[in-house]
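Single-structure report; data block below.
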Amino acid sequence: METKTKSIKSLAVLCSGGDSPGMNPAIRSVVRTAIGLGINIYGIYRGYTGLLEGDMHKLSLSSVSNIIQRGGTILDTSRCPEFHTPQVRQEAAHLLARKHIDGLIVIGGNGSFTGAMNLHKEHNIPVIGIPGTIDNDIAGTEYTIGFNTAVQTAINAVDNIRDTASAHQHTFLIEVMGRTSSSIALQVALCTGAEQVVLPNQGINYQDIADTIHKGVARGKTSSIIIVAEGEKEGVCYQIRDTLMKQYQLELRVCILGHIQRGGSPTALDRTIASKMGYAAVHALQQGHNAHVTAFNKGEVELVPLTNCLGKRTEVCDSQLDLIRALAI
Ligand code: ADP
């Protein structure tokens, strides 16, 4: 890993793509670390959209007071399709040069990291990525900021649904977020004692779902919870419900948890990892590291080349799946 200590005077930080709880503690950490090192720190609002519009402001110690406990992001975020165009990225590079920004910290998912990588490759802008997405699906890091909070929010919701499912003897299909990632579904299923977890990306085995429900009924269960990963498209639960009704005459209720999983006060884990990553990101730029991500692996924050983090981590943890099944008998 090349390290050339650089004289860094000014840095900028932005959030891009989907927001996640823990972005604020990460911003706070970046700002306080930079100021502590005598570096000017600018906040860019609304991700790459704000960068293109020059919507950036110098942040102070008090700009990040009282935000460690807040979900969302004080810098706001956006999706910026224009940033896919090289000419547009050139404008962004000119703008950063005009403002004498020596390095950019991007908090987001792998789409945002791809934008940062392109900016770096084409214009030699020093960039560091901080993984922030509830989906925990970025290659090269075992953890992304926001995952733990999203899981806890979903667990609380499922616990509430279990109360009513039990009172009314209902079986519920509960859809959790995660797009192509199964991480939230697996964790929530394990922690809520779900009778089953369905991962549409791995295929839907209707016979298996029906068998699980019938087995539960046979051993005296009057209600069940089935956690469903959203897969490519929100609402897959309705299709599963309709098929189970048509083919097996099973009557199920549906609940899609949706965006409540994105918000809320970050958990202790998310605040801790966000604080460590923000600190590491600023120090990385100051020490001359470039095009890296503050990854979390084997219990530690470490710098991993950005190129290792551009893909999605989609593998299913088979041991967790086995555990969920073993405990749901
Ligand atoms: P996430 O960062 O959460 O994965 P997206 O995939 O929506 O979210 O990406 C966020 C933003 O990153 C996009 O709106 C775009 O501005 C930028 N981006 C994504 N992919 C690229 C790319 N290939 N080149 C340049 N910018 C990109």
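Any value given below was found using the heavy atoms of this structure, including those in side chains, with hydrogens, waters and symmetry copies removed. Numbering of ligands and ligand atoms starts at 1, following listing order.
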Shortest protein heavy-atom distance from [atom], along with the residue and atom involved:
{"atom": "atom 7 (O) of ligand 1", "result": "Arg79 NE, 2.6 Å"}
{"atom": "atom 15 (C) of ligand 1", "result": "Cys80 O, 3.4 Å"}
{"atom": "atom 21 (C) of ligand 1", "result": "His84 CE1, 3.3 Å"}
{"atom": "atom 8 (O) of ligand 1", "result": "Gly17 CA, 3.6 Å"}
{"atom": "atom 26 (N) of ligand 1", "result": "Gly115 CA, 3.3 Å"}
{"atom": "atom 24 (N) of ligand 1", "result": "Asn118 ND2, 3.0 Å"}
{"atom": "atom 23 (N) of ligand 1", "result": "Thr114 CG2, 3.3 Å"}

Quick check on contacts: which atoms of ligand 1 are under 4.0 angstrom from a heavy atom of [X]?
{"X": "Gly109", "value": "1 (P), 2 (O), 3 (O), 4 (O)"}
{"X": "Phe83", "value": "16 (O), 25 (C), 26 (N)"}
{"X": "Ser16", "value": "10 (C), 11 (C), 12 (O)"}
{"X": "Gly18", "value": "3 (O)"}

**Message:** Parallel, tilted or perpendicular, judged at 30° and 60°: which one describes the rings of His168 and His170?
**Reply:** parallel
The answer for which part of Tyr48 has a heavy atom under 4.0 Å from ligand 1 is side chain
Heavy-atom contacts under 4.0 Å between Arg89 and ligand 1: side chain, backbone, both, or neither?
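Just the side chain.
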| query | Does a side-chain heavy-atom distance below 4.5 Å link Val197 with Leu321? | reply | yes
- Are side-chain heavy atoms of Ile273 and Asn148 found at a separation under 4.5 Å? no
Are any of the N/O atoms in Ser112 less than 3.5 Å from those in ligand 1?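 So ligand 1 has an N or O lying under 3.5 Å from an N or O of Ser112.
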- prompt: Can you check whether Gly111 has an N/O within less than 3.5 Å of an N/O in ligand 1?
  reply: yes
Only one of Val228, Asp242, Ile226 passes side-chain contact (heavy atoms from CB on, under 4.5 Å) with Cys237, and that residue is Val228
### Message
I'd like to know if Thr133 contacts ligand 1, where contact means a heavy-atom distance under 4.0 Å to any ligand atom.
### Response
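It does not, in that no heavy atom of Thr133 comes within the 4.0 Å cut-off of ligand 1.
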